[in-house]
Amino acid sequence: MSGDKKTTTAVNITANLVESHGLTQDEYKRIKNSLGREPNLTELGIFSVMWSEHCSYKSSRMHLKKLPTEGPQVIEGPGENAGVLDIGEGLAAVFKIESHNHPSFIEPYEGAATGVGGIIRDIFTMGARPVALLNSLHFGPINQAKNQLIMEGVVAGIAGYGNCMGIPTVGGEIYFEQNYSHNPIVNAFCLGIAPANEIFRAKAAGIGNPIIYVGAKTGRDGIHGATMASEEFNEDSETKRPNVQVGDPFLEKLLLEACLEAMSTGAVVGIQDMGAAGLTCSTCEMGSRGEVGIEIELDLVPQREKAMTPYEIMLSESQERMLLVAEKGKQREVLEIFRKWDLDATVIGEVKKNPCLTVYHAGEKVADISNNALADNAPLYDRPATRPQYLDDLELWENIDLPEPSDYNALILEMVRSPHLCSRRWVYQQYDHMVRTNTIVLPGSDAAVLRLKKSSGGLAISVDGNCRFSYLNPQIGAMMAVSEACRNLVCSGAQPIGATNCLNFGSPENPEVMWQFVETIAGISSACRIFKTPITGGNVSFYNETNQAPILPTPVLGLVGKIDDLDHRQESCFSQEGDQIYLLGETRDEIGGSIYLEQRGHPLCGPCPTIDLVQEKALQDQLLRLIENNLIESAHDLSEGGLVFALAESCYGLNCGARVDVSTDLRSDYYCFSESPTRVIVSVRETLEPDFLESISGIPVTKLGEVGGKKLEISINSRMIVSISIQELFGIWDGALDEIFSVE
Amino acid sequence: MKAKVIVRFKDGILDPQGQTIQRSLNKMGHPEITNLRQGKYFEIELAGINDKEVARCLIEEISRDVLCNPIIEAFQIEDIS
Amino acid sequence: MKAKVIVRFKDGILDPQGQTIQRSLNKMGHPEITNLRQGKYFEIELAGINDKEVARCLIEEISRDVLCNPIIEAFQIEDIS
Amino acid sequence: MKFAVVVFPGSNCDHDTLYVLRHVFNQEACYVWHQDRDLQNADAIIIPGGFAHGDYLRCGAIAKFSPILENIKEHATQGKLVLGICNGFQILQEAGLLPGVMLRNSELKFICRHIYVKTENEETPFTTFCDPGKVLKIPIAHNEGNFSISTKGLEQLENNRQILFRYCDESGDITTAGNPNGSVSNIAGIMNRRGNVMGLMPHPERASESLIGSEDGRKIFESMINWNGAKN
Ligand SMILES: Nc1ncnc2c1ncn2[C@@H]1O[C@H](COP(=O)(O)OP(=O)(O)O)[C@@H](O)[C@H]1O
Ligand SMILES: [Mg+2]
């Protein structure tokens with residue numbers, strides 16, 4: 001067997017060393033079988049990263065296959081760095097969502113910043129110009145100082161990186177729940193635009209083609225080496241290895257422009273960003289995708305630190321680096337472009353016929369691993385799943401005694417201040433959401449809408465998840481997440497066309513978490529099939545837990561929608577006094593998991609609200625038709641808080657009130673605060689009311705009242721229970737986060 | 001009583017700002033500059049404390065808890081007078 | 001050869017950052033902090049120069065022209081060794 | 001009229017500015033790289049917003065050493081127009097073409113939102129199209145927009161009517177509530193003594209089309225085009 005040389009600093013692989021690399025003894029046996037020998041330390045490091053949960057998806061791969069990924073508009077589905085959809089006029093939307101949860105707990109600013117940097121690289125590595133960013137954040141209760149520090153750092157990190165890159169952060173969502181205190185969730189979504197026929201893949205090809213390393217120098221950051229007794233891991237080596245990666249948005253801006261320029265020369269055959277475990281993942285994945293060999297020389301890798309070992313170079317997670325394969329003979333042209341942009345760019349190896357990864361360092365072969373040794377024998381687990389015990393306790397909520405509130409006004413003024421429902425202006429005002437002058441519906445509405453300067457239409461994007469309902473019922477919660485994201489797009493006038501998803505869960509070795517995961521996949525699959533929004537990619541983040549207490553099941557969906565005619569874009573706020581207000585959809589007496597229930601002092605419990613996906617699709621289709629026929633003036637979907645807060649949010653923009661008068665056989669508080677899905681508030685010009693009513697069929701429609709006055713007034717069964725000045729409500733709603741974070 | 005504290009990145013932590021300034025200085029005709037790192041400098045005035053040791057403990061506490069992010073930075077009390 | 005340079009605001013220049021840190025420290029129970037100002041600290045490594053005076057002139061030139069904005073900042077060479 | 005939009009490594013509002021000049025005002029406009037020495041005989045130079053050199057060390061601190069700055073200074077001494085928007089304003093200050101300095105916003109946070117400004121001097125190449133006393137709605141997006149200058153310097157700006165725009169509230173009153181970043185005397189935009197170099201923190205290129213929220217920013221570009229036309 002060739003390549004059985006040990007590195008000069010031979011380290012015997014002990015059981016402890018294997019374990020501290022996150023590998024089980026069985027997995028180590030697989031490594032030895034596929035190599036036909038003991039691995040050396042560098043090879044062990046390579047296997048430990050390639051077979052980690054993060055890179056191999058060993059606990060989730062078999063379930064991810066159940067997701068629907070087909071569709072006429074799908075150019076590239078899961079498997080590549082980002083999903084690609086055809087959006088007509090020769091253009092393609094390139095997008096994905098990824099998590100950077102663990103680093104964001106260690107160092108919130110840099111964790112979030114490098115999360116944004118990573119997802120941006122996944123987009124431009126496909127040849128697309130990034131045009132917008134979104135993010136989904138989950139923190140612990142915000143009245144605790146520690147969680148405030150984490151949130152402030154994360155928001156500043158996202159702003160610091162995105163603003164400097166000149167890519168607008170145009171929206172997102174934030175949840176505050178107890179068990180995110182030690183496990184914050186930071187998911188970053190990026191959308192790019194590329195010519196549909198110029199998509200680049202992360203595939204090495206062309207024997208003899210040069211492999212070029214571009215971008216920042218390699219340092220010792222982020223190497224998750226274990227503390228072991230070999231000289232690789234003595235005490236001082238640990239301190240040399242800061243476990244925090246620091247991002248450099250300025251350098252990535254240069255990398256973005258240089259890569260796009262290099263790709264336009266036609267000399268680039270394949271390109272891959274260096275994400276988790278940088279050089280290792282990029283070389284292995286490019287080689288296996290192209291079914292070719294990759295041979296690299298580590299001495300040629302630009303290094304920031306002195307005397308870095310092969311182990312450190314291969315496993316370093318330094319940021320802002322890419323690996324590309326250029327056409328033999330044309331590499332000088334490519335290197336020139338990167339030098340113009342003042343970036344390191346060096347040929348570090350070449351494509352080989354024999355399909356394996358060979359790595360040299362100081363003239364010695366330090367790694368020799370065949371492609372299929374990494375891919376075919378990769379572990380794949382069908383983890384046991386059992387229905388969680390807590391689901392049975394939820395049924396006991398029946399005996400919660402919940403008298404109707406005596407003073408609705410006081411309750412609403414209190415709820416509008418809660419972190420669940422208050423305005424996110426304090427957050428999105430730190431993001432430059434206007435750069436590139438394409439943002440035509442600004443943050444704060446249901447979805448962000450972007451124009452495409454090269455075409456007549458536009459795109460709408462939204463990220464949505466619902467960890468509260470997913471906790472109560474993972475399958476329904478997942479359906480709700482997909483439905484709400486689609487509904488947000490439709491409320492903005494867009495037709496949903498595709499999705500990406502990030503699945504944040506506890507440990508897959510916990511059967512209850514695995515059950516939540518499998519149920520979530522089932523929910524996403526059925527919803528995406530009905531809404532015809534294929535999954536084009538995404539990310540899975542496991543082990544979000546502390547002392548065996550997992551986070552709530554947190555699927556986050558990123559949806560992209562298309563608007564053919566920008567005049568049909570819709571905003572969520574009422575547009576004129578005198579317009580008639582209607583509710584599409586049915587309010588049911590289900591307050592399980594609602595913010596109202598929590599406000600009344602009850603923990604997250606109760607049966608999850610139900611959802612009928614066919615009815616949801618019918619509502620979305622009809623709403624889109626109403627918008628396209630110019631029959632409505634505004635559309636706002638109902639989510640957290642229910643009807644009252646959706647009405648209030650619709651009033652703020654116009655700074656005017658609404659007079660609502662309805663009758664129902666539900667309890668008044670259930671009617672006001674139920675969070676039943678599949679509901680939208682629309683406003684209709686009085687003159688168009690007949691046409692509006694005539695063109696709706698098969699979905700419940702209820703007249704609520706009229707836009708006007710200075711107050712939000714709600715009468716139920718002719719009893720006025722709500723009467724609050726919109727000015728006062730807005731003041732509290734708008735300033736709630738400012739108050740929490742003000743230093744005075 | 002006046003204290004001076006320096007907060008700088010730990011070794012091995014990337015310093016994008018220092019790196020960019022160094023590269024620009026090299027291009028402006030100062031090739032002899034081989035490394036440049038940027039950190040923060042604090043001047044803190046204390047009233048009602050005249051014992052140097054008491055001041056030192058206080059400054060140490062503030063530096064550790066507020067002025068410096070122990071995960072990526074280290075601090076050094078320059079002088080107290 | 002290694003030089004340390006401090007760049008701080010001239011007196012009277014508004015220092016929003018320093019003020020905010022001071023206010024939050026007072027709020028956190030350190031009323032004895034009457035003033036806090038934040039500046040920048042640079043560590044510069046020079047190769048091929050071993051005469052202190054030559055190094056000092058070079059560092060002075062760089063500090064004056066690049067590291068410090070003379071309108072609002074003043075620099076001070078802490079030490080060269 | 002021909003515009004040259006200067007591009008530094010880290011500029012990110014260069015394409016927004018070029019788009020507005022070409023597609024909204026159908027003017028001739030081209031990019032100029034910071035290391036070039038030729039301004040393509042443009043009538044007016046625009047230094048766009050962004051993070052030149054990552055805003056590292058100080059906003060514009062490194063950009064002022066780029067070769068193109070010599071040509072821009074030469075262009076200004078010939079009396080031709082120079083407009084610095086946001087980061088461009090900071091670069092002009094660092095390069096000594098405009099007085100004062102930009103400090104961190106008083107709230108220490110990046111701010112991106114529409115604000116209101118009032119025109120203080122309508123007799124300049126940049127403001128002839130601004131109706132006196134009318135409030136303009138233009139967005140800002142910056143971390144260091146807190147304009148600071150010595151009291152003597154402020155006096156000179158006032159006496160020579162070099163202050164072109166001041167932050168105000170929606171009804172046009174110059175109030176602290178209307179001041180987003182703590183700028184002395186609500187200053188949002190100034191020009192040099194000679195009146196051909198202007199620095200402006202709000203982004204007029206982000207307020208030149210109603211589709212993206214406001215058209216008030218057009219007034220500045222229209223004034224420059226009109227002034228140049230009248231001059232030739
Ligand atoms: N939850 C998911 N749903 C669909 N596809 C997924 C999901 N998670 C990961 N994938 C796909 O699996 C591939 C490998 O994921 P990953 O290694 O995270 O991508 P990358 O290396 O580009 O960051 C990618 O194409 C990604 O889109
Ligand atoms: Mg990738």
Side-chain angles (χ1 to χ4, degrees), chain A residues 129-131 152 155-156 158-170 247-258 340-343 425-444 449-451 453-454 458 566-567 569 655 738 741-744, chain D residues 7-20 22-24 31 33-35 48-57 59 62 85-87 105-115 138-144 170 180 202-214 217:
Chain A
R129 159 70 64 179
V131 292
E152 228 168 351
V155 170
I158 291 169
Y161 207 99
N163 297 348
C164 180
M165 285 289 295
I167 302 169
T169 302
V170 291
D248 183 352
F250 169 53
L251 196 133
E252 177 136 321
K253 168 71 173 171
L254 307 181
L255 191 61
L256 161 65
E257 301 304 337
K340 170 200 161 190
W341 287 97
D342 206 14
L343 291 167
R425 179 185 50 75
W426 179 86
V427 173
Y428 61 71
Q429 248 179 18
Q430 294 183 52
Y431 305 148
D432 184 349
H433 46 268
M434 298 182 192
V435 65
R436 304 193 65 79
T437 59
N438 291 327
T439 318
I440 57 176
V441 171
L442 298 177
V449 178
L450 305 159
R451 69 167 164 185
K453 287 185 175 120
K454 297 198 194 71
L566 283 179
D567 292 343
R569 72 182 184 283
N655 190 13
D738 297 68
F741 286 101
S742 79
V743 176
E744 268 67 41
Chain D
V7 181
F8 290 90
S11 296
N12 53 37
C13 303
D14 42 343
H15 27 73
D16 300 349
T17 309
L18 198 83
Y19 176 83
V20 162
R22 283 186 182 163
H23 296 280
V24 176
Y31 290 130
W33 180 243
H34 75 112
Q35 282 170 332
F51 286 69
H53 298 282
D55 270 1
Y56 291 146
L57 181 56
C59 303
I62 299 172
I85 302 170
C86 196
N87 192 217
N105 295 342
S106 46
E107 306 282 322
L108 298 183
K109 292 271 186 294
F110 188 96
I111 307 168
C112 174
R113 65 177 167 86
H114 279 279
I115 50 93
I138 305 181
I140 56 170
H142 58 246
N143 213 354
E144 289 89 6
E170 202 164 353
H203 288 257
E205 82 282 5
R206 297 183 183 190
S208 291
E209 298 162 275
S210 54
L211 183 62
I212 49 175
S214 169

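If you're wondering where the values come from, they're calculated on a predicted model, not measured in any experiment. Lettering of chains follows the sequences in order, A, B, ..., and the numbering in each one begins at 1. Just so it is clear, the values below take in all heavy atoms, side chains as well, and ignore hydrogens, waters and symmetry mates.
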**OP:** Answer with side chain, backbone, both or neither: which region of S208(D) has an atom nearer than 4.5 Å to a non-hydrogen atom of chain A?
**Re:** neither
Subject >> N12(D) side chain to C164(A) backbone, donor-acceptor under 3.5 Å >> reply: yes
Original post:
Which heavy-atom pair separates G10(D) from L254(A) by the least distance, and what is that distance?
Top reply: N-CD2, 4.4 Å
Original post:
In Å, rounded to the nearest 0.5 Å, how long is the span from CG of L442(A) to CZ of R113(D)?
Top reply: 13.5 Å
**OP:** Could you verify whether a donor N or O on one side chain and an acceptor N or O on the other, from D248(A) and Y56(D), lie under 3.5 Å apart?
**Re:** yes
**OP:** Taking the six-membered ring of F51(D) (Phe, Tyr or Trp), confirm whether the NZ or CZ of K253(A) is under 6.0 Å from its centre and within 45° of its axis.
**Re:** no
Original post:
Is P9(D) close to F250(A) at the side-chain level, that is, under 4.5 Å between some pair of heavy atoms?
Top reply: yes
**OP:** Identify, with sequence neighbours excluded, every residue that meets salt bridge (charged side-chain N to carboxylate O under 4.0 Å, His left out) alongside E144(D).
**Re:** none
Original post:
Side chains of W33(D) and K340(A): closer than 4.5 Å at any heavy-atom pair?
Top reply: yes
Subject >> Separation between CD1 of I212(D) and CZ of R436(A), rounded to the nearest 0.5 Å >> reply: 12.5 Å
Subject >> Contact origin within R425(A) toward chain D - heavy atom pairs under 4.5 Å >> reply: neither
Subject >> Spacing of E152(A) atom CD and K109(D) atom NZ [to the nearest 0.5 Å] >> reply: 4.5 Å
Original post:
Is it the backbone or the side chain of H53(D) that comes under 4.5 Å from a heavy atom of chain A, or both, or neither?
Top reply: both
**OP:** Work out which heavy atom in M434(A) is nearest to a heavy atom in C112(D); give both atom names and the distance.
**Re:** CG-SG, 4.0 Å
Original post:
Can you say whether T439(A) sits under 4.5 Å from chain D via the side chain, the backbone, both, or neither, judging by heavy atoms?
Top reply: backbone
Original post:
At what distance, to the nearest 0.5 angstrom, does CG of D432(A) lie from CG of N143(D)?
Top reply: 11.0 Å
Original post:
How far does OG1 of T437(A) sit from OH of Y19(D), to the nearest 0.5 angstrom?
Top reply: 7.0 Å
**OP:** Check whether any side-chain heavy atom of E209(D) lies under 4.5 Å from a side-chain heavy atom of R451(A), and answer yes or no.
**Re:** yes
Original post:
Where on I440(A) is there a heavy atom nearer than 4.5 Å to chain D: the side chain, the backbone, both, or neither?
Top reply: both
